[in-house]
2 protein chains.
Amino acid sequence: MKDTSTLNRKRRQRIGKVLGNPREQKDELRALQDTIYVIGGKWKLPIINSICNGNKRFREIERSIPGLTTSMLSRELKDMEANQLVKRTVTPTSPVVVEYSSTDYCHSFGEIILEMITWGKNHRKRIIRNSKHGNKPDY
Amino acid sequence: MKDTSTLNRKRRQRIGKVLGNPREQKDELRALQDTIYVIGGKWKLPIINSICNGNKRFREIERSIPGLTTSMLSRELKDMEANQLVKRTVTPTSPVVVEYSSTDYCHSFGEIILEMITWGKNHRKRIIRNSKHGNKPDY
DNA sequence: AATACCAGTAGCATGAAAGATACCAGCACG
DNA sequence: CGTGCTGGTATCTTTCATGCTACTGGTATT
């Protein structure tokens with residue numbers, strides 16, 4: 001039995017094909033997945049956030065993110081340097097000073113990070129609110 | 001030898017401690033990590049995106065995301081339903097119709113997803129631009 | 001002279017995430 | 001009656017991101 005929603009869906013697909021909308025949607029999906037690939041994982045966004053908060057030195061960044069180990073930070077920084085998300089500057093004083101900074105390119109994540117921080121704060125409130133009243137989540 | 005940057009850093013830390021800034025920064029880091037935990041992985045954001053693009057049925061969502069398998073989609077949808085990111089509606093027609101929709105709660109990811117799509121598109125252009133001229137990336 | 005900081009690297013271990021495969025019941029189409 | 005759609009589940013395997021331990025060479029502190 002074909003219900004109306006099925007018909008509508010088929011119609012939508014046909015229209016979409018004509019208008020080339022699927023092409024756009026595919027591009028957008030790919031773009032989204034690219035981004036997830038570049039900043040994915042547990043640490044990259046926290047590291048960017050840390051650097052944007054003014055932490056520049058390796059150990060400084062490391063200490064600012066509990067749970068992050070030296071080797072992970074090392075790997076992530078290399079990766080992000082290769083992707084031009086951070087810049088590594090060595091000042092040849094004695095001893096040498098190594099400083100990391102965010103690139104302009106990286107700044108474009110600023111909005112995303114802020115949104116995610118906001119979301120995370122709300123989520124926590126929500127969880128606490130629900131558990132306080134012994135509520136089961138409303139679904 | 002204490003160079004000035006070290007002194008400044010120490011000073012900043014001291015000032016931060018007094019102003020309680022570290023507390024805030026810890027909260028923000030935690031919020032960010034919470035969000036990463038909830039929407040992390042390869043598929044959750046693409047699935048949300050798909051649903052927001054009008055895909056409602058299980059197989060419809062599945063087909064809209066190449067590479068996504070039935071079992072992964074099943075797991076992710078359950079997870080996201082538990083986190084109140086999507087709603088599952090069963091209409092008891094014959095045959096039953098199962099439809100997924102995004103919750104208001106989930107809509108708060110709209111901005112994040114759009115930003116990520118934009119970023120991904122730019123990133124791809126950038127990569128192509130660099131490789132076209134045989135350029136080494138400028139770092 | 002010993003200790004502690006800096007900025008890391010190398011290599012192995014492991015565990016969670018993802019993928020592959022098989023399977024289910026129910027309905028419909030021809 | 002066979003085939004193919006729907007909306008999934010169960011389970012095993014694999015892979016990759018992450019984590020752990022140890023180590024380096026140089027500088028500064030005490």
Side-chain angles (χ1 to χ4, degrees), chain A residues 1-7 9-10 13 33 36-47 50-51 55-83 86-101, chain B residues 1-10 13 33 36-47 50-51 55-82 86-101:
Chain A
M1 185 176 106
K2 282 175 187 296
D3 61 1
T4 46
S5 78
T6 303
L7 284 173
R9 180 163 53 79
K10 294 243 161 113
Q13 287 175 344
Q33 288 178 323
I36 291 171
Y37 183 78
V38 173
I39 61 169
K42 288 175 68 173
W43 302 116
K44 293 209 185 67
L45 286 180
I47 290 168
S50 173
I51 293 175
N55 298 308
K56 295 173 180 307
R57 311 293 297 274
F58 188 90
R59 298 294 179 193
E60 206 176 7
I61 298 166
E62 188 181 356
R63 277 190 299 264
S64 74
I65 305 173
L68 175 58
T69 62
T70 305
S71 60
M72 273 311 298
L73 178 56
S74 175
R75 265 173 276 182
E76 298 290 46
L77 282 174
K78 268 188 198 167
D79 195 83
M80 292 164 72
E81 203 194 344
N83 276 310
V86 301
K87 204 176 56 166
R88 183 175 180 272
T89 314
V90 181
T91 313
T93 48
S94 169
V96 293
V97 173
V98 180
E99 289 191 328
Y100 292 91
S101 55
Chain B
M1 183 178 93
K2 281 177 187 297
D3 62 2
T4 46
S5 79
T6 304
L7 283 173
N8 282 339
R9 180 164 53 81
K10 295 245 161 114
Q13 285 175 344
Q33 288 178 322
I36 290 171
Y37 183 76
V38 173
I39 61 169
K42 287 175 70 173
W43 302 115
K44 292 210 186 67
L45 286 180
I47 291 168
S50 172
I51 293 175
N55 297 309
K56 295 173 179 309
R57 312 291 297 274
F58 189 91
R59 300 293 180 193
E60 206 177 7
I61 298 165
E62 188 181 354
R63 277 191 299 264
S64 75
I65 305 172
L68 175 58
T69 60
T70 305
S71 59
M72 274 312 296
L73 178 56
S74 174
R75 265 174 274 181
E76 298 290 46
L77 281 175
K78 268 188 197 167
D79 195 83
M80 292 163 72
E81 203 195 343
V86 300
K87 203 176 59 167
R88 184 176 179 272
T89 314
V90 181
T91 313
T93 47
S94 168
V96 293
V97 173
V98 180
E99 289 190 329
Y100 292 91
S101 54

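Chain letters run A, B, ... following the sequence lines, proteins first, then strands; residues in each count from 1.
- Remark: the A:Thr91 side chain and the A:Glu99 side chain contain no N/O donor-acceptor pair separated by less than 3.5 Å.
- Between the P atom of D:dT6 and the CG atom of B:Asn55 lies a distance of 13 Å, rounded to the nearest Å.
- Separating the CD1 atom in B:Ile51 from the CD atom in B:Glu60 is a distance of 10.5 Å, to the nearest 0.5 Å.
- Applying the 4.0 Å criterion to OP1 and OP2 of C:dC5, one finds that A:Arg63 has every side-chain N and O outside that range.
- Here the P atom of nucleotide C:dC6 and the CZ atom of A:Arg88 are 16 Å apart, to the nearest Å.
- Distance A:Glu60 CD to C:dG8 C1': 16 Å, rounded to the nearest Å.
- For A:Glu81 and C:dG8, the CD to P distance is 9 Å, given to the nearest whole Å.
- Summarising the geometry, the separation between CZ on A:Arg57 and P on D:dT27 is reported as 15 Å, rounded to the nearest angstrom.
- Proximity note for A:Phe58 (side chain, C-beta onward) versus C:dG8, C:dC6, C:dA28: the nearest is C:dG8.
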* Asked: Going 5' to 3' along nucleotides 13-26 of chain D, which nucleotides have protein heavy atoms under 4.0 Å from the base (write B), which only from the sugar-phosphate (write S), and which from neither (write -)?
  -> -----BBB------
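- A distance of 8.5 Å separates OH in A:Tyr37 from CG in A:Asn83, rounded to the nearest 0.5 Å.
- Taking A:Glu76 as the reference, A:Lys44 meet the side chain to side chain donor-acceptor pair (under 3.5 Å) condition, with sequence neighbours excluded.
- Under 4.0 angstrom from either OP1 or OP2 of C:dT9 there lies at least one side-chain N or O belonging to A:Lys78.
- We find that CD of B:Glu62 is positioned 14 Å from C1' of C:dA20, with the value rounded to whole Å.
- A distance of 6.5 Å separates CD1 of B:Ile61 from CG of B:Asn55, quoted to the nearest 0.5 Å.
- With sequence neighbours excluded, the residues that form a side chain to side chain contact (heavy atoms under 4.5 Å, CB included) with B:Arg88 are B:Glu81, B:Val90, B:Val98, B:Tyr100.
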